[in-house]
Each structure stands twice: as structure tokens, then as C-alpha cells.
Amino acid sequence: MKIATWNVNSVKARIDTVTQWLKDAAPDVVCLQEIKCMDDAFPRGVFEDLGYNCAVHGQKTYNGVAILSKRPLEDITCGLPGGEDDIHARYIEAVVSGDKGVIRIASVYAPNGNPLGSEKFIYKLGWMERLHARAAEILTYEEPAALMGDFNVIPTDDDCHDPAVWRNDALFQPQSQAALRTIEHLGWQDAFRACDATPHRYTFWDYQAGAWQKDHGIRIDFVLLTPQATDRLKTCSIDKRVRAWDKPSDHVPVIAEIDV
DNA sequence: ATGCCGACAGGATGTCGA
């Protein structure tokens with residue numbers, strides 16, 4: 001099963017790019033982030049015509065996540081547990097049946113958290129603690145599962161072009177890096193790093209200052225796998241071609257092949 | 001030291017992103 005994640009930076013503004021990529025890459029499951037629309041404005045019909053079922057947790061203007069799947073989506077849950085006052089649409093989880101078993105899939109859009117010292121940074125760290133709790137809960141199921149999405153954390157110096165540029169950014173703070181690392185240490189594997197140890201492989205390039213042309217990117221989009229999924233991991237790659245297409249998102253898809 | 005670019009809501013330009 002080919003599973004993927006992609007922060008599309010508005011599904012409506014990106015619909016032609018997204019459909020072109022779906023036809024080209026033909027993933028079985030895709031987690032989308034930053035769809036930036038309500039559920040009823042989601043272009044469900046376009047994806048259904050391409051053979052995908054849709055689970056959507058939308059929000060007007062900001063955030064919004066979805067899961068597209070060629071196979072039925074079951075046990076759909078919207079929202080990250082523990083956030084009764086949290087109105088941001090940043091998490092959706094579902095179960096997909098493969099040929100050889102089921103895999104639990106979550107589409108994750110972690111908060112940006114800038115600027116430092118603001119309520120936004122506090123919110124980022126609190127949200128990551130809630131994600132940690134859900135990640136720990138999923139591990140107890142002892143089943144193949146994937147947390148996929150835009151985690152808004154640059155894990156190491158090797159995941160950006162120049163660490164000095166990011167020193168005062170929320171994505172590069174020790175607390176942010178620790179939040180991601182603590183989830184990984186529960187037993188979640190960064191699928192890309194399991195397959196490719198090459199430094200300076202990026203999933204995001206800013207629209208500004210010629211970042212793409214200069215390869216000044218960051219790696220902040222991940223596929224995290226439970227041990228049961230990691231055992232079935234065949235490949236994981238970053239589809240950076242897409243960043244050079246017309247009207248690109250500033251993020252590119254990450255694709256993993258799992259033997260389920 | 002700051003903006004660069006782009007989407008959005010709304011109807012000008014401020015907010016947000018990373």
C-alpha cells in the first residue's frame with residue numbers, strides 16, 4: 001500500500017496540482033494538510049471521480065486536514081483528544097483495510113508556533129504534548145499505524161540548509177525538537193530516515209527569496225510508523241519534483257510503501 | 001533589521017504561514 005502526506009496550502013487553490021499528482025503518483029492513501037476550507041467546500045467530487053473516499057476535518061481560512069483513500073475509511077475521528085477548547089482543525093484519524101491487514105492513519109498539522117515567547121508557541125508545545133499522548137495510546141494497539149503530516153519541527157541541523165537562519169524560529173527550538181523526539185522515542189519511526197540517511201533532504205521551500213532555486217529548504221513533513229508498520233516498510237521518498245510544477249504548494253509530498 | 005511570496009477574506013489591506 002502506497003501512503004502519502006502533503007501540505008497542499010489550500011486544496012481549492014491547488015486542485016489542479018493535486019489532481020495531477022494523484023494521477024501521476026497513484027497513492028492508495030493521502031493525508032492532506034492546510035486544506036483551508038470547511039467540510040462542505042471540500043472538492044470531494046473531484047477526488048471521488050479519481051476513486052478516492054474522503055474523510056474531512058475542515059476549517060474556514062486556516063488549517064484543515066483530510067484523508068483520501070481508495071479503500072473504505074473506517075472509525076473516522078476528527079480532532080486531537082484532550083482539546084475541548086481547541087477550535088483548530090489539525091488532526092483526523094481513520095482505519096484503512098489493506099490486502100493483508102488494516103493500517104491506522106492520521107493526518108497531522110502541528111502548529112507553527114511563531115513568534116517565540118507568544119501564546120502561539122505555548123499552544124504549539126501543548127498541542128505536541130496532546131499528540132504525544134495520542135501517539136502513546138495508538139502504540140498500545142500493537143498494530144500497523146502511521147502518523148503523517150506537517151509536524152512543523154526541524155529535527156536536526158542536517159534538516160535545514162543553515163541552522164543559523166532558524167535559530168530563533170519556533171520550528172528549530174530545543175523544546176520543539178524534544179517534543180518530536182519524545183514521540184519517536186515511544187517507538188515511532190521516521191520512515192524517511194529509516195530509508196535514507198542523506199543530510200539536507202527537504203520537504204518545504206519558502207516561496208520567498210528564491211529558496212527553491214537555492215535549495216534552501218527544511219524537512220518538516222514526516223511519516224512516523226509504529227513498529228508493526230516499520231516492519232512492513234518497503235520504501236519512503238520525498239517527491240520534490242512537485243515543487244517545480246506550476247502553482248506549487250510550498251510543501252511537497254512524502255510517500256511510503258507499506259506491505260499491508 | 002526587514003522584506004521577499006502566496007492564500008484568504010472581502011472589497012483595502014491585515015493576518016497567517018515557516
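Just so it is clear: chains get the letters A, B, ... in the order the sequence lines come, proteins before strands, and each one is counted from 1. All values below were derived from every heavy atom in this structure, side-chain atoms included, with hydrogens, water molecules and symmetry-related copies excluded. If you're wondering where the values come from, they're calculated on a predicted model, not measured in any experiment.
Residue contacts for A:Asn63: at a heavy-atom cut-off of 4.0 Å it reaches no nucleic acid atom on any strand shown. Heavy atoms of A:His251 sit under 4.0 angstrom from primed sugar atoms or phosphate atoms, though from no base atom. When heavy atoms are screened at a 4.0 angstrom cut-off, A:Tyr109 is found touching the sugar-phosphate backbone but no base atom. Using a 4.0 Å heavy-atom distance criterion, A:Asn168 is classed as making no nucleic acid contact.
Put simply, CG on A:Asn114 is 14 Å from C1' on B:dT15, counting in whole angstrom units. Computed from coordinates, the A:Gln59 CD to B:dA9 P distance equals 11 Å when rounded to whole Å. For the pair A:Asp250 CG and B:dC4 P, the computed distance is 16 Å after rounding to whole Å.
Nucleotides B:dG17 and B:dG11, compared at atom C1', are 23 Å apart to the nearest Å. Going from the P atom of B:dG14 to that of B:dA1 covers 24 Å, rounded to whole Å.
Checked by distance alone, A:Asn152 brings no side-chain donor or acceptor within 3.5 Å of a matching partner on the base of B:dA18.
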Give each protein N/O atom lying under 3.5 Å from an N/O atom of nucleotides 6-8 of chain B, with the pair distance.
| residue | atom | partner | partner atom | Å |
| --- | --- | --- | --- | --- |
| B:dA7 | O3' | A:Ser10 | OG | 3.3 |
| B:dC8 | OP1 | A:Ser10 | OG | 2.2 |

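Classification of the A:Phe222-A:Phe151 ring pair by plane angle, with boundaries at 30° and 60°, yields tilted.
For A:His57, the ring-ring contact (aromatic ring centres under 6.0 Å, His included) test picks out no residue, with sequence neighbours left out.
For an aromatic pair to be called close, the ring centres must be under 6.0 Å apart, and A:Trp21 with A:Trp245 fails this.
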